[in-house]
Every structure is written in C-alpha cells, then in structure tokens.
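All remarks here apply to the structure that follows.
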Protein chains: 2
Amino acid sequence: GQEKGRNRWRMLSGLLAINILLIGSALISGGAFNEVAISENDGHLCLTVLLILTIAWMLFYVCYTAKRRNAVWYKDSHAGPIWLRGGLVLFGLCSFIMDIFKIGYYSGVVPCESPVKLIFPVIQSIFLLVQTYFLWVHAKDCVQIHRGLTRLGLMLTLATNLILWMAAVTDESLHQTVAQKHLNPYLTLNVTQHRSASFASRAGSKASQCECKIKNCEVFKNGYYYLYPFNIEYSLFASAMTYVMWKNVGRQIDDNEHHGKVSCRLHGVLLGPILGILVSVSGLVIFIFYDIDIIIEHKKSEALVMFYTFSTVGLGLMSAASLAGSIIYRFDKRSHASHKNPTRSLDITLLIGSALGQFVLAYYSVVAIVGSRATDRVNALNLTTSLMTILQLCLQNLYIIEGLHREPFKHEAEHLDLVCVNPYVREDSSTDQQNTENTSQNPPTQTQNPETTPSRQTYWNRRAVKEISTFLLLCNIIFWVIPAFGARPQLENDLEMNFYKAQMWVPIVNIGLPFGIFYRMHSVSSLFEVYLSS
Amino acid sequence: GQEKGRNRWRMLSGLLAINILLIGSALISGGAFNEVAISENDGHLCLTVLLILTIAWMLFYVCYTAKRRNAVWYKDSHAGPIWLRGGLVLFGLCSFIMDIFKIGYYSGVVPCESPVKLIFPVIQSIFLLVQTYFLWVHAKDCVQIHRGLTRLGLMLTLATNLILWMAAVTDESLHQTVAQKHLNPYLTLNVTQHRSASFASRAGSKASQCECKIKNCEVFKNGYYYLYPFNIEYSLFASAMTYVMWKNVGRQIDDNEHHGKVSCRLHGVLLGPILGILVSVSGLVIFIFYDIDIIIEHKKSEALVMFYTFSTVGLGLMSAASLAGSIIYRFDKRSHASHKNPTRSLDITLLIGSALGQFVLAYYSVVAIVGSRATDRVNALNLTTSLMTILQLCLQNLYIIEGLHREPFKHEAEHLDLVCVNPYVREDSSTDQQNTENTSQNPPTQTQNPETTPSRQTYWNRRAVKEISTFLLLCNIIFWVIPAFGARPQLENDLEMNFYKAQMWVPIVNIGLPFGIFYRMHSVSSLFEVYLSS
C-alpha cells in the first residue's frame, strides 16, 4: 500500500509538472515569436495565477504541514548545503531589487500599459520572499505526512520556477538581440531587421509612445535589464533545491554519514593554495581590465586576447591538476564506496547536467570558428580556450566523481579531532607508534582495509589530493566570479554571432552561461567535500 | 574493483556520447541557419566518419566480442521486444530505399555537387544493414567481457543515431518550410521570404543550376523526401534499443519472470475487441477520405472537420476506458509488485518520455488557438481534439503504469496451461471446487494474498481489465497508423503555422510526431503486457 501510494503520487505530481511546464513554454514561445503578441498578457496573467497558487501552497506547508507532529522525522544533511542556500539568498536579493525596479518603471507607464504588467512584479516579489524563507528553513526536510499534497506542491513550485527561468531567458534574449542590432549595425540583414523591429516594438516602443510619468524611468528600465542574469540564476537554484526536496519526500533512511566538526585547517597543504590564490588574483585583475577595455571599440580585440590568454592558461593548469589527481586515485588503495547513496548520485547528476551548459557553449564556438575558417589571433585564442574548457570539464568531472566515490579516512579524521595538532609532523617522526595507536583505536577499519595504514606513500597521496583540491577550488571560484559579474566574451566576439545569427546564439548564451555559473559553484562545494574526505 | 571499473566506464562512455552529440548538434545548427553554409559539407564529412567508426565497432562486436566464450551469460528477455525489432526492420527497409533514392539522385548531379553528398548515403545504407542485423541479433545481450569497450561502442552508436535523427529532422523541416511557402503564398512575410529563399537555395537551387544527367531525377528527389519520416522513426527505435543494451552491460541478474507460453486466446472477452475494431475500421475509412480531400483546396476544411471529429470521439472513448480501468484497479486487491525492476522502470520512463511529443503538440495547439481567439468550427474542433489528447495521454499512462505494477495472476496462468479450456465457464459453475484445486496447487500464493482467491468479484474485475486493455490496444493501433502513414493535420491547418511561424512550428511537428508514433507502438506492447498479466 505504501509503495503503491508512493508511485501513484510520484506519477501524478510528475504529470502535473509536465503539464504546467508545457503550457508555460507554449505561452512563452507564442509570445516571443508572434508579431501580434496577443498572448503576451495572457502569458503574464497565467504566470501570476501560477505564482499565487505556489505562494498559497508554500504558506500552507510552512504554517500547517511543517507544524504538525511527526511531519519531519529526518533531515537530509546533504540537501540544501550552505553554498546553495547562500546563493539563493544572494540571487534572491538581486531579483527582489529587479522587481522593485520593474514596479517603479511600470507604475510610471501604467496608464497605457496593461495593469497585468504592474501586478506581475508585485506578486513575483512576494513569491521571492516566501520561497526564499521556505527553502532556507525547509530545504532539508524529509516530509512524512501529507505526502501526496506535498509532492504535488513541490512539483508545482518546480514548474513555476522553471517557467520563470524560461520567461527570464526569453526576455533577456529579446532585449539583447535588440541591443546587438544597435551596437553592430552591419549585422542588420533583412531577417535580423525584420525580427528585431518586431522585438523592439515589444521591448520598448509602446513605452516610448506613452510618456513615462515619473523621474528615473530610464534608470529603472536599464536597472532591471542589468539584474536579469541574477534572476535566471535564482530560478535555477530554487529548482535544484525543490527537486531535492521532492526526492526526499517520504525518505526514512537516517543519514549515517555525520560530518562531525568540519576542520578547515590546511594541515601543511601549501602549494595548492598559493598557486590557486595566484591564479585568482591575476584573474581578478584581468577581469577588471577586460571590463574597462571591452566597451572601447579599438581596444576590444586587445581585451579579448587578454581574456582568452588568461582563460587558456588557467584552464590548462586546472586540467593538469585534475589529471594528476585522477592518476593518484588509480594508485590509491582506499576502499571504494560502493553502497548506493541517493544524495551522491543526485549530486553527480546535477554536476554533469550543469556542466552541459559550458560544453554547449564551447562546442558551438569550436564549430563556428572551424566552420568559418577564421585564422586571426583573437579567434585562434578563442578556439584554444574552447578546447581547453572541454578538456578541463571532462578531467575535473572525472576527478570529482572519483573523489566522491571514496570512503573518507575515518580513523584519521577522528584522530585529528583528538590531538588538535598537525598529525603529519608526528607521523613523520613516529610512524610506528602512530600505527599502534590507530590500530588500538579502530580495529574494525584496520582489519577491513589493511592497506589504509598511514604509510609514507599514503601520506603523500593524501597530501597531493588535498593540494590539488584546494587549487581547483580556488580556480573554480575565479571562473565563477568572472561570468557571474558580467563578462560575456561570447557576445562581444562577433564571430559566433555572425555564424549562428543573434536569434540563435543569444538564447544559447543565455541558457548556457547561468548553467556554467551553477556548475562552478557546485564544483567548489564538491571539491571541498573531496578535500575533507581525503 | 568491479564497482569502481563499472562507474569509471559509465562515466567515460557518457562523456563520449555528450561530446559527440554536442559537436553534431553544433554542426547541424551551424549548417541549417548559416546563409553561407560553409559547414554543410563539413557536417556530412563528420557524419560519414562517425558512421564508419560505428560500423567498425559493430562489426568488431559481432565478429569478435560476441563469439568469445563467456561473452554473454544472460539475455534480458524484456529488452528488444518483437514490436521494437519488427519496427526497426520495417523502418530500416524504408530508410534503405530512401538511401537508394538519394544515391540515384546525387549520382545524377555529382559533377557539380561535392562528392561527399554521394558518399554519405552509400555509407549510411551500409550502416543501416549492419546496425539492423546487430540490433536484431544482439539486442537482448547482457555483455560480460570487454565491458569498457562495449560501453564506449554502444554510446558511440547511440550518439550517431541521435545525430542522424537531428540531421533528418532538420533536413525535413527545411524542406517543408520551403514547401509551405509554395503552398501558402500569403504566408510569405518578409522574414519567411528571406529565410525560405536561403533554404531554397540550399535545398534545391544548386541542383537546378547543374542539369541532372539521368532519367527519373525528380522521382528520386521527391521519393527520398517522402521517406524521411521513416528514417526519423528508425533512428528513434535504434536509439532506444542501444540505450537498453548499454544499461544491460555487465548485468548479472537472471530474469525470474519467464513468460511461459503466451496465450492469446480471448477467454470470453468480447465487448472490448468489437468496440476496438469498430473504432479502428472507422478510423481507417476516415483516414482514406481525409487523404483524398485534404489536397483539394475547397474540401480542406471539411476534411479537417471530419478528422478532428473522429479524433475527439475516439480519444474520448479511450479516456473513458482508461478511467474505468484505473477505478477498477483501486478496488483490486491484488498484491502490488514492489520489488525493484530495472526493465520496468526503463519501460515506464520510455513511455512517459515518448508521450512528451504528443503533449507538446497538443499544448502548443491549445495556446495557439486560445491566443489567436479563433472561434471558427475547424479550430473549435481542433481545440477539443487537443484537450482530449492531453486527457487521454494522462489517463492512459496512469492506467498502463498501474497495470504494469501488478503481480500477474500466476496460479491462474499456470492453471490455464493445464486445462486448455476456457476456465471461467468452469469457475462459474463450480467455483468452490476450483478454489480447492487452486489452493492445493499453489499454497504459498494463497497464503500470501488470501484475497486473490478467484471469486465472482475478481472474475469480473479481471474480465473488465482484459476488455479495456484490448479496446485500448486496438485504438492505439489506429492512432499509430494515421500519423505513421502521412496524415499531418498539424501542418495542414494554418492556424498554428501563422501563430508560431513555419520556422518554429515545422520543427516542433517534426520532432513531436515521430515521438508520438513511438509512444503509440510502445503503448500497444505495454497494453498487451497488462492484458497478459491480468
């Protein structure tokens, strides 16, 4: 009966999400590609209704379901890690500001625009507040009561977030296609012109027909377009967390992997952090110079060359480090964590899934460069960077996944808590004594894996893995910061835009980049886990 | 070590497939949307290389790996069922004829076209022969040796098939967009004109520049465009089978569900088959009339009305039957098959995944009709049909999934084999005696589920499920035949085309319809399984 009910509700909630998603995507694509744009208001109206329903369910959950006895027996300690919740709050804040800008702008033009345009951001800002609170507090819940309703509600939330994501990507792409036209007038082929004109009429012309009644109208308008990327990222974060909650409904296995006290001390690890900080700082400097130079027309190609050179070198170093790590793992005799672990599988799926965004961008660039036989310096470097990105993603994913599949050095970790000094120094001087101590402390572990006795070999292996993980972690942070704070070389370099046309390339970038940002953040957290377990 | 190696190869082969797929999709979209079309030959060259690699691996597998001792211990009896293999051969044959037409056409224009255009169909026809043989013979294999290589090879095959699918969908869409322009000249807005012109120049103008040297050139050309849909379907079938083989690499669980002798006798089931045949025959008649009327301009709307009316009625009956079946299951006391069954999960995933195609078409139609406020008779019926499709898909999926999750009536099935007469007649007359017999034959089953004793209630439940399954099975066949043999009301009705523009709607139809056909065939086989197990 239990199993039967579970399957039925999983089915039903899945069907609900599919249905909502398809209506949403049809409305959005109908609105985007239709010259008459009858359905744009329909779309906003439909989204508003969805938002209200989702808010209602979340309030019901927070105020009623979660307050009941026996509602939540277990908390999944892996779900909703701090980087995800922190990111959610950060991006949620930016989205909230975006909504305030939108409200400001549309309250100025409301006499000639449909009132739906004003109501939508109001409801969306309420939604942001409720959802951020809901996910911050309840992301780890394994719900045990009202399971059917909770599954439906979570799928409703997931679908709403994904539709908001699609709507934001479409809006952003329409806006950038118009901007692109103004920047590169030689791009205006017949087709671009026609379509851009229709986009422009949707994006702004109506507003220009009727006068904006308030001050700072332009500021509001430019402001909310600037904040769109954060909103896209917010929807992705919320979707990931909601999906994990949905997977956890009715889960009854207690987590046996308690992390204990997380110790962030570096334990003699030195080379990795130093190199990582070096790469990060130079990345930051180059990012600032790039941002200054890219808007000056005659310095543009210089800025791109600088950017691509840095990326190639940085990604090359990261690939080498990942490769070295994978080789070390091949000689590592630690036992392989072979038991099924749903959280780990989910983590790995999210990692690979979000990597697809960068894969797509890199491969599309490669094909565009090779296909248009471009041989100038900028594009040769662009090609190298793209190939390096592909290589780096493959090697880093392999390294992280190998690392997550290892059993942690448990007896060592416990030991660290006891002695509170750098144990390697003592190990070096008195390896034999240490061994005896360890054996007496944890006889079962020792008998299971006799190879894990901390020998000199193991010590160097572990230290190497720690060095590599810290280095990769710091590098991933800088490769997260650069796109997250606005570097879009994919749109600045005209080659791909000419090859695929703005109508195709701008959406690809707008979908691919946020996934790339998500991937880098996820990598950072996974590498941190690898560091802790080695 | 086993587990470790398995995960590494799964990872590596997955990465290989992702990389090949992304290169392929970049090449195809670069070729399709680029006016200069530099990369079209690059794309064909790349595909040819992929095909040769795949052929080489399949020959290696057939001639070397499969011939080794211990290569295949178990055969997965659920993998590669007869409908899938039969469909593969049927669609493979049509694709083969398509390739011969292509070779015929391009051998006529080879002096002025690139020779790659001629080599590609030659290699593809060899690929079709090798792959159809490979999948026909080896689809059920659970490979035990050369696991890493086999995983890589299977992922290569999967990626190749998916790229062929994408290429066929793109070619077909380009061709239909041009055809659409010729048929509906009022559609030629600025944008359509420009793009269509560029498509037309790619699709045919080069050929018209240089004279075709052989007779029947036009026949060849029209012939291969007519056969494209079968090639699209072939790629989908091959992809599904390859994926199942990949899942089965290294699987060591022997199938404990032996079907025994399949008994197709109807056992007094009458109403379902009669109603089903009625719907099928009327569907066939309407399909023929539709095909005749749709090409005559003034009878077009009449044909569409007829078609939509039939679809609405048919889908309505199917929805009612599925709903009734689901209600019967609620009162069914049979034990629920709760053990994990990877083949069943895969089956259900494929069922829901392929249903997405029809969902997308239906929802996009609904949004287009509602969005353009169309109130004429044709579109009112179109709306009803779309809504009915959505309802029917939801209800039928729920019914099939509930049915697949039931334990079969094992003691009854065994009993049937023994007595070889319609047992229900005897049951009716001597239920008590029957019960005693059953109990003595299968005591364990009886003690587990005391409710399954064949009472009058159970008898009627089972009979109803059988009636419903046969009815749905026959209806699904006719709803498979109609789109498979060329009815495309989605393209004939201009409303969606005007709403989404041909550039968007034609690809949606070309992607959605083949999945819909796949879904209907899959449903037929699943319903047959439900029939057998009830």
Side-chain angles (χ1 to χ4, degrees), chain A residues 1-4 7-8 11-12 14-15 18-19 22-23 25-27 29-31 33-36 38-39 42-43 189-191 193-195 198 336-338 348 352 355-356 359-360 362-368 370-373 390 393-394 397-398 401-402 405 498-501 503-504 508, chain B residues 1-4 7-8 11-12 14-15 18-19 22-23 25-27 29-31 33-36 38-39 42-43 189-191 193-195 198 336-338 348 352 355-356 359-360 362-368 370-373 390 393-394 397-398 401-402 405 498-501 503-504 508:
Chain A
Q2 181 102 344
E3 181 72 15
K4 191 169 146 185
N7 274 321
R8 178 172 301 133
M11 269 307 302
L12 281 175
L15 277 176
I18 288 173
N19 284 304
L22 290 177
I23 299 176
S25 70
L27 277 172
S29 39
F33 294 99
N34 197 332
E35 267 89 13
V36 201
I38 311 173
S39 61
D42 294 3
L189 299 166
N190 225 354
V191 50
Q193 207 160 30
H194 175 83
R195 185 155 283 185
S198 112
H336 208 74
S338 56
I348 291 174
I352 294 176
L356 278 181
F359 267 124
V360 167
Y363 270 119
Y364 272 69
S365 288
V366 169
V367 167
V370 174
S372 48
R373 311 272 187 271
I390 295 164
L393 287 174
C394 286
N397 279 344
L398 287 176
I401 290 165
E402 290 258 15
H405 272 101
N498 291 333
F499 192 80
Y500 296 110
K501 307 284 158 279
Q503 283 78 38
M504 188 172 182
I508 291 176
Chain B
Q2 182 101 346
E3 181 71 17
K4 190 169 148 187
N7 274 320
R8 180 173 298 135
M11 268 309 300
L12 280 174
L15 276 176
I18 289 174
N19 283 304
L22 290 178
I23 297 176
S25 70
L27 276 171
S29 40
F33 294 100
N34 196 332
E35 268 90 12
V36 201
I38 311 173
S39 62
D42 294 5
L189 298 166
N190 225 355
V191 52
Q193 207 159 31
H194 176 82
R195 186 155 282 188
S198 113
H336 208 72
S338 56
I348 291 174
I352 295 176
L356 278 182
F359 267 125
V360 168
Y363 271 119
Y364 273 69
S365 288
V366 169
V367 167
V370 174
S372 48
R373 312 271 187 270
I390 294 165
L393 287 173
C394 287
N397 278 343
L398 286 176
I401 289 165
E402 290 259 16
H405 273 102
N498 292 333
F499 192 80
Y500 296 110
K501 306 287 157 272
Q503 283 77 39
M504 187 174 183
I508 291 176

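The model shown is predicted, which means the values in this text are computed figures rather than measured ones. Labels below follow one simple rule: chain letters A, B, ... track the order of the sequence lines, proteins then strands, and each chain is numbered from 1.
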Practice item. Taking the side chain as every heavy atom from C-beta outward, state whether L12(A) and L398(B) have any atom pair closer than 4.5 Å. Key: yes

Study note, to complete from the structure: For V367(A) and I23(B), the nearest pair of non-hydrogen atoms, with its separation, is CG2-O, 4.1 Å

Review point. Measuring heavy-atom distances to chain B, does I508(A) have an atom under 4.5 Å in its side chain, in its backbone, in both, or in neither?
Key: neither

Review point. So, S25(A) versus Y363(B): side-chain donor-acceptor pair below 3.5 Å or not?
Key: no

Exercise for review: Evaluate the side-chain contact (heavy atoms from CB on, under 4.5 Å) criterion for residues R8(B) and I401(A): first the C-alpha distance (whole Å), next the side-chain angles of each, then the deciding distance (0.1 Å), finally the verdict.
Suggested key: CA-CA 9 Å; R8(B) 180 173 298 135; I401(A) 290 165; over 6 Å; no

Check your understanding: What part of L22(A) lies closer than 4.5 angstrom to a heavy atom of chain B: side chain, backbone, both or neither?
Key -> both

Practice item. Give, for atom NZ of K501(B) and atom OG of S29(A), the distance between the pair rounded to the nearest 0.5 Å. Key: 12.5 Å

Practice item. Please state whether the side chain, the backbone, both or neither of I352(B) comes within less than 4.5 Å of a heavy atom of chain A. Key: side chain

Review point. Got Y364(B) and L27(A) here, is their nearest side-chain heavy-atom distance under 4.5 Å?
Key: no

Point to revise | Pick from N397(B), I18(B), N19(B), I348(B) with the largest number of heavy-atom pairs that fall under 4.5 Å of chain A | key: N19(B)

